[in-house]
Amino acid sequence: MMMNCGAMNATTPSSTSWSASHSSKIPMLLPRAICSTQRMCCGSGVHVDACVSTNVSRNAKDSMVWSGTSPSLYSKQPINKFLLPLRALVTSTSQDVPIASLIGREKVGVLLLNLGGPETLEDVQPFLFNLFADPDIIRLPRLFRFLQKPLAQFISVARAPKSKEGYASIGGGSPLRHITDAQAEELRKSLWEKQVPAKVYVGMRYWHPFTEEAIEQIKRDGITKLVVLPLYPQFSISTSGSSLRLLESIFREDEYLVSMQHTVIPSWYQREGYIKAMANLIGKELETFDHPEQVLIFFSAHGVPLAYVEEAGDPYKAEMEECIDLIMEELEKRKIMNAYTLAYQQVT
């Protein structure tokens with residue numbers, strides 16, 4: 001059976017794939033993994049614990065602690081230089097404060113960040129242009145950065161016909177906006193049940209509603225405290241990193257946003273709720289097989305260029321592999337001891 005562990009619905013160019021096969025805890029790096037099981041199940045779930053705060057301790061889900069008002073959401077330094085302060089923001093050891101006394105008359109907002117996707121076939125080419133015009137997707141040497149948009153135009157026009165065929169096969173557009181809107185609504189309801197009267201916003205990186213549009217609505221609503229939550233379980237330069245870099249540039253240029261208290265959740269792959277949700281999906285699917293103990297669990301994740309990992313220090317590969325280990329540990333607690341493999345998709 002197959003589990004899709006990535007949160008992207010579009011591919012990045014020049015990606016290199018890794019594979020880690022596991023029947024034990026020792027990862028193996030292979031050129032590519034091949035799965036020949038008779039039945040495949042694709043699942044991609046996003047589960048966030050009801051109390052959405054970057055500074056929530058694992059044993060105190062009914063408390064929130066807000067970070068300061070620094071506008072620097074994302075550094076332009078190499079990722080290994082900004083990961084530490086970003087992680088510090090997430091794992092602050094500040095004293096927990098009861099929700100009721102913390103919120104008071106403040107207006108709380110949660111901004112969900114996602115990739116975005118074309119809603120019609122006519123949207124496909126401009127969506128692809130936006131994707132490939134992002135320097136976090138195609139990284140050109142400084143001397144050739146003036147070619148970023150011409151290259152994006154060339155690639156988007158060349159790839160649009162094939163991409164349109166794919167979107168046509170699933171109804172003529174990406175379902176990502178509908179899914180993300182539904183997640184936002186469920187999160188809003190859950191927060192209100194926790195006595196957190198927050199508004200939840202959706203900001204897409206490459207298509208409507210763009211992050212800029214969400215920020216304008218946040219300002220119109222007078223939000224004073226904001227939680228920024230990328231809907232990518234694992235952090236990568238090309239996903240959460242790109243969205244946070246854009247958000248930082250917006251914050252830097254806006255006086256209202258600079259003074260707003262905000263906190264960022266760069267990744268959440270290790271959260272107990274997410275791990276259990278993924279284990280539930282796998283366990284449920286295994287029950288449909290005649291001999292579930294013989295089924296190989298195939299985890300499929302989007303690849304990123306090796307240079308991101310080896311040169312820029314992108315933690316995506318390490319976080320993905322840790323995530324899979326945590327899922328398998330949870331399954332082992334349930335007496336599910338199947339062999340499994342993790343492969344990174346190679347884009348051609």
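Basis for what follows: all heavy atoms, side chains included, without hydrogens, waters or symmetry-related copies. Predicted model only: the values in this text are computed from it and were never measured.
Using a 4.5 Å heavy-atom cutoff, the side chains of N114 and Y232 are in contact. For the pair L229/W268, a side-chain contact is recorded, criterion being any heavy-atom separation below 4.5 Å from C-beta on. H302 places a side-chain heavy atom less than 4.5 Å from the side chain of Y316. Side-chain contact between I218 and M260 is present, with heavy atoms from C-beta onward closer than 4.5 Å. In this structure the side chain of P175 reaches within 4.5 angstrom of the side chain of I170, judged on heavy atoms. In this structure, E216 and R220 have side chains that are in contact, with non-hydrogen atoms separated by less than 4.5 Å. In this structure, the side chains of P292 and E287 stay at 4.5 Å or more apart for every pair of heavy atoms. A heavy-atom distance below 4.5 Å is not found between the side chains of Y274 and Q270.
A pairwise comparison of heavy atoms in F127 and G116 identifies CE1-O, 3.4 Å as the closest pair. Residues V202 and A184 approach most closely at CG2-CB, 3.8 Å, considering heavy atoms. Of all non-hydrogen atoms in V304 and S236, the two that sit nearest each other are CG1-OG, 3.7 Å. Here the shortest heavy-atom pairing between A198 and V110 reads CB-CG2, 4.4 Å. When all heavy atoms are compared, the tightest approach of Y308 to S238 is CE2-CB, 4.0 Å. The shortest non-hydrogen separation linking I275 to C323 is CD1-O, 4.1 Å.
One distance of note links CG of L331 with CG of L286; it measures 7.5 Å at 0.5 Å rounding. Atom-to-atom distance recorded for L115:CG and L113:CG is 11.0 Å, nearest 0.5 angstrom. Rounded to the nearest 0.5 angstrom, I223 CD1 and E106 CD are separated by 10.0 Å. Interatomic distance, Y340 OH to D325 CG, rounded to the nearest 0.5 Å: 4.5 Å. The distance from the CE atom of M278 to the CZ atom of F299 is 7.0 Å, given to the nearest 0.5 Å. Taking CD of E212 as the reference point, atom CD1 of I250 lies at 4.5 Å (rounded to 0.5 Å).
Grouping the Ile, Leu, Val, Met, Phe, Trp and Tyr side chains by contacts below 4.5 angstrom, directly or via other members, places L244 with L246. Taking hydrophobic clusters as Ile, Leu, Val, Met, Phe, Trp and Tyr residues chained together by side-chain heavy-atom distances below 4.5 Å, I179 does not share a cluster with L111. Residue F129 is not grouped with residue L176 when hydrophobic side chains (ILVMFWY) are merged at heavy-atom distances under 4.5 angstrom, including chains of intermediate members.
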Query raised in the report: Could you go step by step and tell me if E285 and T288 meet the side-chain contact (heavy atoms from CB on, under 4.5 Å) rule?
Result: CA-CA 6 Å; E285 185 64 22; T288 65; 3.5 Å; yes
Query raised in the report: Between E213 and Q217, is a side-chain contact (heavy atoms from CB on, under 4.5 Å) present by the stated rule, with each step listed?
Result: CA-CA 6 Å; E213 296 170 2; Q217 187 60 53; over 6 Å; no
Query raised in the report: Please walk me through it: do R334 and E330 pass salt bridge (charged side-chain N to carboxylate O under 4.0 Å, His left out)?
Result: CA-CA 7 Å; R334 307 179 188 192; E330 176 63 28; 3.1 Å; yes
Requested in this report: Run the numbers on Q125 and S156 for side chain to side chain donor-acceptor pair (under 3.5 Å), then give the verdict.
Outcome: CA-CA 6 Å; Q125 189 273 322; S156 64; 2.8 Å; yes
Report task. Under the side-chain contact (heavy atoms from CB on, under 4.5 Å) rule, what do I336 and I282 come out as? Steps first, then yes or no, please. Result -> CA-CA 10 Å; I336 299 175; I282 294 171; 5.6 Å; no
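Looking at residues two or more places apart in sequence or on another chain, you find a side chain to side chain contact (heavy atoms under 4.5 Å, CB included) between N130 and Y206, W207, F210. Annotation: salt bridge (Lys or Arg N to Asp or Glu O under 4.0 Å) contacts of E185 (sequence neighbours excluded): R188. In this structure D254 satisfies the side chain to side chain contact (heavy atoms under 4.5 Å, CB included) test together with K219, Y256, L257, sequence neighbours excluded. Checked against salt bridge (Lys or Arg N to Asp or Glu O under 4.0 Å), D123 has no partners two or more places apart in sequence or in another chain. Residues meeting the side chain to side chain contact (heavy atoms under 4.5 Å, CB included) test with E186, sequence neighbours left out: K189.
Put simply, the side chain of S243 never gets that close to the backbone of S240: no donor and acceptor are under 3.5 Å apart. No donor-acceptor pair under 3.5 Å is formed between the side chain of Q234 and the backbone N or O of M320. No side-chain donor-acceptor contact under 3.5 Å links S174 to the backbone of E119. For D314 (side chain) and I237 (main-chain N/O), a donor-acceptor pair under 3.5 Å exists by modelled atom type. Side-chain atoms of T224 come within 3.5 Å of backbone N or O of K107 as a donor-acceptor pair.
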Donor-acceptor contacts under 3.5 Å from residues 140-155 side chains, at least two apart:
residue, atom, partner, partner atom, Å
Q148, NE2, F132, O, 3.3
Q148, NE2, I138, O, 3.1

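A 6.0 Å sphere centred on CD of Q294 holds more than 12 heavy atoms belonging to other residues, nucleotides or ligands.
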